[in-house]
Amino acid sequence: MIYSSRLLSIFILGISFLTSLWSQEEAPDATAWLNPVEITSDKGVKAWFMRDPSTDIISLSFAFRNAGQVSDNDATPGRAIMAIQMMGTGAGRFSKQDFHKFLLDNGLSLTYAAGVEHATFAFSTLKDRKKKGLELLKAFLYKPRFLKEEWKLLQDQTRIHLTNLKHEPSHQGIRELFSKHFKGHPYACIEGMTEPSITQLRIKDLKTYKKNFLVKNRLVVGLIGNITEKEAKAFLDEAFGDLPQGKSISNDLPQTKPQQLGKVLHVKSTIPQSVVFFLQEGLSVQDKDFIALNILMEIMGGGLSSRLIKEIREKEGLVYGIHVDIHPLNAAPLIVGNFRTDASTLDKVVNLLRKQWKQLKDQGVTEQELDRAKNNMIGSYPLNFQTSRDIASTLLSYQLNNRPIDYAKKRREMIENITLKEINELATRIIQPDQLSFVVVGPQTLRE
Amino acid sequence: MNHIRKILYTFVFLVLCGTLVAAPRFNAKSFKLANGMRVVVIENHRAPIVHHALWFRCGGIDDPEGNSGLAHFLEHLMFKATKNRATGEYDRILTEHGARFNAFTTSDVTCYHVEVLSDRLPLVMELEADRLENLVFDPNEVDAERKVIIEERRTRIENSPSALLSEAVNQALYWNHPYGRPLIGWKHEMETLELEDAQAFYKYWYAPNNAILILAGDITLAKAKNLAETYYGPLQAHTLPERNYLKEPVHNGVTQFLTLKHERVEHPEVAFYIPVSYEKEYEDSFILAILDHLLFDDPLGRVYQNLVEIKKLATWMTFSFDQVSLGPKYVVIRAQPAAGVFVEDLEKAIVAEMKVLKDLKFTDQDIKAVVDRIHANQAYEKDSIFAGAHEIGLNLSLGITLPRIEGAYDFIDGIRAHHVNEMVKKIFSTSPRVQTRLLPQEKKL
């Protein structure tokens with residue numbers, strides 16, 4: 001079926017473009033088989049590694065901390081995204097075509113993205129093509145060609161892509177949200193990436209980025225495959241052992257706070273709907289109440305039986321989807337939600353949402369809701385691991401969030417131990433109906 | 001690398017290349033209940049989780065005249081109350097057990113799927129069997145849900161210039177066949193979808209003998225038989241209506257040109273819709289996938305390289321095609337002109353490419369290289385716990401037999417240059433039935 005208009009799904013879950021921006025860690029609980037060990041190779045490369053005899057694939061997920069879009073400075077917006085893209089357009093002995101062909105011929109897979117915070121990569125190879133896989137990965141990491149003609153083509157494509165995005169309501173909303181709430185902070189980086197800024201970027205900027213940010217002391221790795229610990233260490237050395245050390249990363253991101261809390265921001269658009277994002281402050285992953293907040297948001301707007309879905313979609317029919325999630329950005333943890341509604345019902349939905357927010361603060365949740373949410377988070381956990389790649393990426397995101405190595409095992413207990421009293425105290429403390437801010441993309445803003 | 005994704009998608013679910021005798025792709029087992037429900041089991045015990053999907057042979061094309069959007073509307077209503085459970089209970093119970101669940105409607109089929117810990121499977125089946133028999137249609141809920149689907153229409157269609165254009169494209173591609181109607185429905189018809197319409201559709205189509213159950217993951221055949229018998233065995237079969245649709249007439253060489261100028265478009269896009277017919281509809285789509293790779297792959301495909309990389313007329317270019325479906329089929333070429341390139345010039349270049357293409361001769365070696373790539377990707381499919389579930393569910397629902405699906409790999413190995421060359425000739429010597437331009441609004445001076 002090629003025509004998307006011939007396929008409709010009932011629910012929109014989540015805001016995928018948001019979740020793709022940072023490492024998302026969801027729903028805790030232990031499974032017997034998620035038991036990684038921490039290993040360190042001879043050349044000092046650390047990784048979380050898990051041996052899995054049930055697969056022929058070696059899957060690697062790795063990231064460079066704070067080497068995502070936050071690493072763009074004011075002079076070079078878009079640098080991280082463009083540099084990483086360029087690395088895939090030819091490296092070492094491979095032209096762009098050869099690079100691509102070598103991937104396909106050998107059943108290799110390589111994907112990469114510069115998220116808001118981190119630059120993340122996923123690489124997989126068949127166990128028996130490991131050598132070829134490493135050859136390609138090393139060319140990519142150490143010898144990108146950064147050729148002029150490829151750069152020109154990528155710039156052209158990106159400029160056109162950016163102009164198209166100008167009219168894409170979700171993108172308009174996210175852009176407004178970050179650039180206004182984090183003015184002056186690296187989190188506002190999304191604002192700088194424009195057609196002229198892409199034109200101004202130079203190949204030497206990309207090279208500088210690679211030299212300064214794709215470095216050993218930023219590297220975080222998750223690895224799974226049917227290989228021994230010894231083989232795993234050799235693999236890590238081969239792939240990452242020769243990366244240079246970089247400067248200290250402790251000053252990358254100053255702590256900050258969203259600057260427009262309680263306000264309503266409007267981006268004018270002629271679409272028939274209002275596309276709305278709302279946010280308030282959240283908690284850091286390290287906070288003792290982080291899991292409790294997870295549960296609270298699960299109850300409020302996490303799934304298909306959440307309070308918001310029940311009250312605003314099922315009873316009133318005002319939205320097709322409404323969802324809230326936690327986004328634990330390191331320097332400014334957030335709670336972010338979104339919905340779309342006809343422009344004429346915008347005020348009504350916002351009022352209902354505020355009412356729900358206030359009710360959560362004042363009255364908390366019930367014992368029954370808490371139990372259900374706990375059971376959901378524990379029971380759904382194994383569903384996150386359908387492929388080796390899923391497992392490798394979880395091993396990576398736990399490290400990016402500074403979790404302990406036995407987190408998968410502890411998680412269940414951490415969830416089970418949360419009491420009604422604790423979670424309702426948290427609700428009173430953290431939920432801030434007056435501090436909810438809104439970004440409205442659509443023909444008009446709130447009437448109030 | 002969007003290319004890898006494309007291959008994985010196209011050949012999603014190929015398994016193991018047998019060295020001597022090709023092993024079945026999924027090793028799926030199948031049986032039928034006395035009431036006609038077909039059950040397929042694909043075992044994989046890597047993790048204690050299972051996929052449960054009910055596929056119904058009904059979809060948008062079964063919407064009665066004047067009631068466009070009904071099949072999809074009913075799919076929404078299936079999540080409401082039953083005689084035994086209040087509205088919200090289905091979602092609540094599954095959520096409480098950590099399940100993930102959803103449903104989708106296509107023009108041809110409707111599917112309800114759940115992924116869950118394998119020891120919760122009996123519970124899932126109890127809930128599913130209940131809503132197949134005991135769904136309650138409450139007027140207030142029908143009213144609220146109608147608003148939800150109209151909101152969905154705004155989200156999917158009215159906010160998007162390309163979706164608005166595609167509604168007109170479908171009208172032009174299908175003069176008589178029901179694919180011409182929007183799956184989500186025309187807004188004015190959605191507004192008048194009544195409780196009784198949904199109820200009738202439910203009674204008409206939702207019978208065990210119109211359903212295929214797919215179980216994938218941590219489940220054995222013996223257990224599947226036992227559970228299916230227990231929960232779905234008691235459902236009553238009934239006589240099904242024939243799915244007999246209006247046929248598409250010949251288009252008499254007519255090419256329709258459609259243009260949408262929209263204020264929210266900055267860069268133009270063009271598309272060519274060319275009709276295609278298959279001899280063996282399931283197998284031929286693999287030939288198309290190879291053709292797609294050879295001609296349009298980014299950055300290896302011949303046409304892609306020529307128009308995007310060498311002549312720099314387009315910033316991107318894609319090829320897509322209908323696979324198994326119940327109606328007329330098309331292939332589509334889409335492209336976006338590079339900055340400074342006129343739409344007309346890109347269109348001319350694409351037409352010129354097509355003229356050359358029809359006489360193109362690939363060699364067996366060209367084909368083998370692509371087939372080898374497909375093999376190289378098989379381990380990834382095996383690595384996925386629910387591999388095969390979607391492929392089998394969809395294709396069985398559309399009348400493709402299980403041995404054909406299991407044997408796809410044998411077929412692919414047998415594809416030779418002349419198969420691809422004939423397909424290329426067939427497609428590129430046919431005039432497009434529809435050509436489109438999505439354009440920016442002319443700037444007012």
Side-chain angles (χ1 to χ4, degrees), chain A residues 1-3 5-11 31 33 54-57 88 96-97 100-101 103-107 109-111 126 156-157 159-160 163-164 166-167 169 270-273 303-305 310 313-320 340-342 372 375-376 378-380 382-383 385-388, chain B residues 1 3-4 46-49 72 75-76 88 91-92 95-98 100 102-107 115 117 144-145 147-148 151-152 154-155 158-159 163 166-167 170 182-184 263-264 266-267 299-300 315-316 320-323 325 332 336 338-339 372-373 376-377 379-380 383-386:
Chain A
M1 299 259 88
I2 44 181
Y3 310 114
S5 61
R6 284 209 237 136
L7 176 73
L8 295 177
S9 279
I10 178 170
F11 299 118
T31 71
W33 41 271
S54 68
T55 180
D56 299 327
I57 287 168
K96 179 168 80 182
Q97 279 74 22
H100 191 68
K101 192 166 170 300
L103 275 169
L104 294 175
D105 286 347
N106 293 294
S109 154
L110 177 62
T111 57
L126 304 184
D156 286 347
Q157 289 171 333
R159 276 190 295 256
I160 286 191
T163 2
N164 289 338
K166 276 190 206 161
H167 298 286
T270 54
I271 50 174
Q273 276 185 319
L304 304 178
S305 57
K310 258 191 244 163
R313 172 177 157 137
E314 285 183 7
K315 286 194 191 155
E316 305 283 342
L318 293 170
V319 297
Y320 170 57
R340 294 168 171 224
T341 189
D342 186 59
R372 285 173 186 158
N375 288 336
N376 171 260
I378 293 168
S380 64
L383 297 174
F385 310 109
Q386 294 176 20
T387 65
S388 298
Chain B
M1 297 261 90
H3 185 251
I4 293 258
R46 187 175 180 187
I49 54 179
H72 171 248
E75 177 223 299
H76 277 235
D91 303 343
R92 183 187 62 70
T95 303
E96 193 172 321
H97 285 272
R100 303 219 172 116
N102 214 326
F104 59 87
T105 306
T106 78
S107 298
E115 283 82 39
L117 293 173
E145 203 60 31
K147 289 197 213 158
V148 171
E151 210 52 59
E152 184 178 352
R154 284 193 193 101
T155 299
E158 291 160 26
N159 279 352
S166 81
E167 285 198 335
N170 285 339
L183 172 56
I184 194 151
E263 58 179 350
R264 294 178 52 240
E266 288 269 348
H267 280 283
L300 297 176
T315 42
W316 54 260
S320 50
F321 54 94
D322 277 321
Q323 301 186 18
S325 66
V332 190
Q336 179 159 60
D372 285 348
R373 285 172 195 161
N377 268 301
Y380 292 97
D383 186 62
S384 170
I385 295 177
F386 301 142

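To find a chain, count down the sequence lines: A is the first, B the second, and so on, and within it residues start at 1. Basis for what follows: all heavy atoms, side chains included, without hydrogens, waters or symmetry-related copies.
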Which of the residues Lys147(B), Glu158(B), Glu167(B) is involved in the greatest number of heavy-atom pairs with chain A at under 4.5 angstrom?
-> Lys147(B)
With sequence neighbours left out, what residues match Asp383(B) under salt bridge (Lys or Arg N to Asp or Glu O under 4.0 Å)?
-> Arg46(B)
Report the residues that fulfil side chain to side chain contact (heavy atoms under 4.5 Å, CB included) with Glu316(A), sequence neighbours left out, ordered by chain and then residue number.
-> Leu318(A), Lys348(A), Leu352(A)
Do the side-chain N and O atoms of Gln336(B) and His267(B) include a donor-acceptor pair separated by under 3.5 angstrom?
-> no
When heavy-atom pairs shorter than 4.5 Å are enumerated against chain B, which of Thr55(A), Thr387(A), Asp342(A) gives the highest number?
-> Asp342(A)
Kindly determine whether Glu151(B) and Thr341(A) satisfy side-chain contact (heavy atoms from CB on, under 4.5 Å), including the steps that lead there.
-> CA-CA 7 Å; Glu151(B) 210 52 59; Thr341(A) 189; 4.2 Å; yes
Using a cut-off of under 4.5 Å for heavy-atom pairs, which of Leu126(A), Ile57(A), Asn106(A), Thr270(A) has the most such pairs with chain B?
-> Ile57(A)
Top contributor to chain B interface from Leu383(A), Asp105(A), Asn375(A) [non-hydrogen pairs under 4.5 Å] | Leu383(A)
Between Ile49(B), Thr95(B), Asn159(B), the one whose heavy-atom pairs under 4.5 Å with chain A are most numerous = Asn159(B)
Given side-chain contact (heavy atoms from CB on, under 4.5 Å), test Ile271(A) with Arg264(B) step by step and report yes or no.
-> CA-CA 9 Å; Ile271(A) 50 174; Arg264(B) 294 178 52 240; 3.2 Å; yes
Please report the C-alpha distance between Ile385(B) and Glu115(B) in whole Å, then the side-chain angles of each, then the deciding distance to 0.1 Å, and finally whether the side-chain contact (heavy atoms from CB on, under 4.5 Å) criterion is met.
-> CA-CA 11 Å; Ile385(B) 295 177; Glu115(B) 283 82 39; over 6 Å; no
Residue Lys310(A) versus chain B: region with a heavy atom under 4.5 Å | neither
Region of Glu263(B) in contact with chain A, defined by heavy-atom distances below 4.5 Å | both
